[in-house]
2 protein chains.
Amino acid sequence: MTRITADDIARMANVSRSTISRVVNDYPNVPEETRRRVMEIIQKTGYVPHQQARNLAGVQSRILLLFINNNNDYYADKIAGSTFFGPLTALLIDSANRRGYDIIVTQSSAPHSWERTRHLLFGRVASGAVFVGVANKDPRVRPFYPLPTVILDHKPMKGDPNGPVPSAVNFDNRGGMEWAVRHVLEKNCRKIAYITGNLGIYSGRERLTGFRQAMKRLDGAPLLEELIIQGDFSEQSGYIGAKALMETHQPDAVISGDDECAIGVLRALEELKVSVPGEVSVVGFDDIELSRYVKPSLSTISAPKRDIADKAVERLVDLVEGRQVQSSSIVIPTAFIPRES
Amino acid sequence: MTRITADDIARMANVSRSTISRVVNDYPNVPEETRRRVMEIIQKTGYVPHQQARNLAGVQSRILLLFINNNNDYYADKIAGSTFFGPLTALLIDSANRRGYDIIVTQSSAPHSWERTRHLLFGRVASGAVFVGVANKDPRVRPFYPLPTVILDHKPMKGDPNGPVPSAVNFDNRGGMEWAVRHVLEKNCRKIAYITGNLGIYSGRERLTGFRQAMKRLDGAPLLEELIIQGDFSEQSGYIGAKALMETHQPDAVISGDDECAIGVLRALEELKVSVPGEVSVVGFDDIELSRYVKPSLSTISAPKRDIADKAVERLVDLVEGRQVQSSSIVIPTAFIPRES
DNA sequence: CTGTTAGCGCGTTCAT
DNA sequence: ATGAACGCGCTAACAG
């Protein structure tokens, strides 16, 4: 099955290949009659221009790369199965598609993933990339900064975003935490505990910082460092953390680094027959699907995945298409979602 | 930033561009000394061959397409957020990566998704595709059959798999259902109910057929059509179905089209204070993560996603690389996973 | 309005 | 062993 090319179409339509190109690319200067005739032949033959060839000839590839840095202790299915990364991936793809771009997805757990990324990016198959879960100073990403690059969930870098500085897209983690603290204060909680997320991750650190700052700024209850327990965003860490907290300090509020953790907290409290929100208020972060269905339903901070995905892709496309952008940092607002807990 | 090309490297190394090509593609007839010198320059300059150009010159693209047909009533984040499709997607990507292929992911909910697919496939950016959630006689897929094509979860088509017939990869749904029926029979259940999955989907139909066949073949209890209720794979449908069943026929076993549905069944039974497995045995299908954690934990049929993903990609790669394959149908074994329910 | 021509960057004979 | 030259399929600048 030898491919049918623009030359074939040209021959069939008794015009030159240039005219075919003009029709295909919607050039104005081609008579209606000719255009119609050519289009008809294209339809009938099912001709599709060879993308690689047009790319070579200067057309942008309209392919983006999504690189997900899953730590090696994650199985591949955990990542898209994750209540957060899975939907996020889908939304990024969706946003890109809506803009006429396609997305190649790669995970760092795959063999040679970084080398493959080099080939994809420098080899011009993808014209830009969004990285999630990587540190912006990671020496493996830095080489890509001259290309259109967006980093999700990492500290913004100073510098001209139109130059070799990646754009950072983040939730307003600190602002979100302030909502959480404000909420438990309004419920008259005084012994407010915090179970952190993974502090190796930017949002994990930011949320902790946000918690501390809010406690100080709102000044409605003492900030007790012994009530801050380290977790890792997992349900398990929430469960364990809550058990430990209840045994030692009996807080009247537990704020968690994310919803999964908070759900672990709820499970622990249920086992301990501690009433929520009667004796202890619980607040999560992310507003994952499940948080609506647990009992009691989880009060949380919304981290709208669709927004972050859309902004990330929008920025990347701006960069790819050479539009000037203002700042290297994009912040997605968060909001408090009051529920039973 | 004008790209550095093979010509540049050639100039720097004082050889011709052909030699660069030979080095890059590991040709034997290049003196060690020259090879070393060239490699060094390549390293130093960070030169990466232009993929599009090499593709044009005849090299395969090593890019595959994953097309997910989510019905339009699904939101994009539901799909990857789905307990089944999300992980499946990740595993497909992973399998492809391990074989040195990259994957472009698209969803039918995106605008122009089918047209884009045409451009990707016929435009030679991807050299093969796996479709999930599409009917094999769908007129929109059929044009792609001459290309390397794999369909997940749909009835195999007759014909030469090396020709214009897609390869179908499926779980052994009927066999799995036989395990389920055997299990409840061994528990001496006599009034066995079945809540179907979405019958618009192949596996939904197959599992129902498997249930009926197993009931007849094992012949341990009557096959009561009134105990077969239509569901749609959702937790909701299991919940509603179970409530209805308990009100009317009080079965002593409920087998579901999938785990989510079964989890809905568990929720209904808990509300009705019906003991599981004391009064009613419950069996799911898929062995999703959650089934291990619900109370009581869910007995189910494993549908190993990693296996199906791996086989699908393996077959697709075989097709892309022109290897002869035997059958157009690949069946992934299932197994019974006994748990509390 | 339309055809001719020159690349795009690389793989691959074919000579040398 | 190595360079020159052609072609992959298409876009775009240039001439008519």
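Naming: A, B, ... by sequence-line order, numbering from 1 per chain. Quick note: numbers below take in every heavy atom, side chains included, and nothing from hydrogens, waters or symmetry partners.
- By the neighbour-count criterion of 12 heavy atoms within 6.0 Å, atom CE of B:Met157 is densely surrounded, having more than that number from other residues, nucleotides or ligands.
- Rounded to whole Å, the distance from CZ on B:Arg11 to C1' on C:dG9 is 13 Å.
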Test B:Asp102 against A:Arg116 for side chain to side chain contact (heavy atoms under 4.5 Å, CB included), laying out the working first. CA-CA 9 Å; B:Asp102 283 293; A:Arg116 156 181 292 110; 2.7 Å; yes

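- For the side chain to side chain contact (heavy atoms under 4.5 Å, CB included) criterion with A:Val132, the lone passing option out of A:Leu66, A:Val169, A:Ile151 is A:Leu66.
- Residue A:Thr19 places none of its side-chain N or O atoms closer than 4.0 Å to OP1 or OP2 of C:dC1.
- Taking a cutoff of 4.0 Å between a charged side-chain nitrogen and a carboxylate oxygen, B:Lys311 and B:Asp307 do not qualify as a salt bridge.
- In this structure, B:Trp114 and B:Phe131 have parallel ring planes: the angle between them is below the 30° cut-off, well short of the 60° mark.
- Applying the 4.0 Å criterion to OP1 and OP2 of C:dC1, one finds that A:Thr34 has every side-chain N and O outside that range.
- What separates CD1 of B:Ile9 from P of C:dG9 is a distance of 13 Å, to the nearest Å.
- We find that A:Arg36 and A:Glu32 are not joined by a salt bridge, their nearest charged nitrogen and carboxylate oxygen being 4.0 Å or further apart.
- In this structure, the helix from C:dC1-D:dG16 to C:dT16-D:dA1 shows an angle of 40° between the axis at its start and the axis at its end, each fitted on 5 base pairs and rounded to 10°.
- A:Thr149 meets the side-chain hydrogen bond (donor to acceptor under 3.5 Å, both in side chains) test with no other residue; sequence neighbours excluded.
- Between A:Phe144 and A:Phe122, the gap from one ring centroid to the other is short of 6.0 Å.
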Heavy-atom contacts, protein to nucleotides 8-16 of chain D, under 4.0 Å, summarised as B (base), S (sugar-phosphate only) or - (none) per nt, yield BBBBBB---

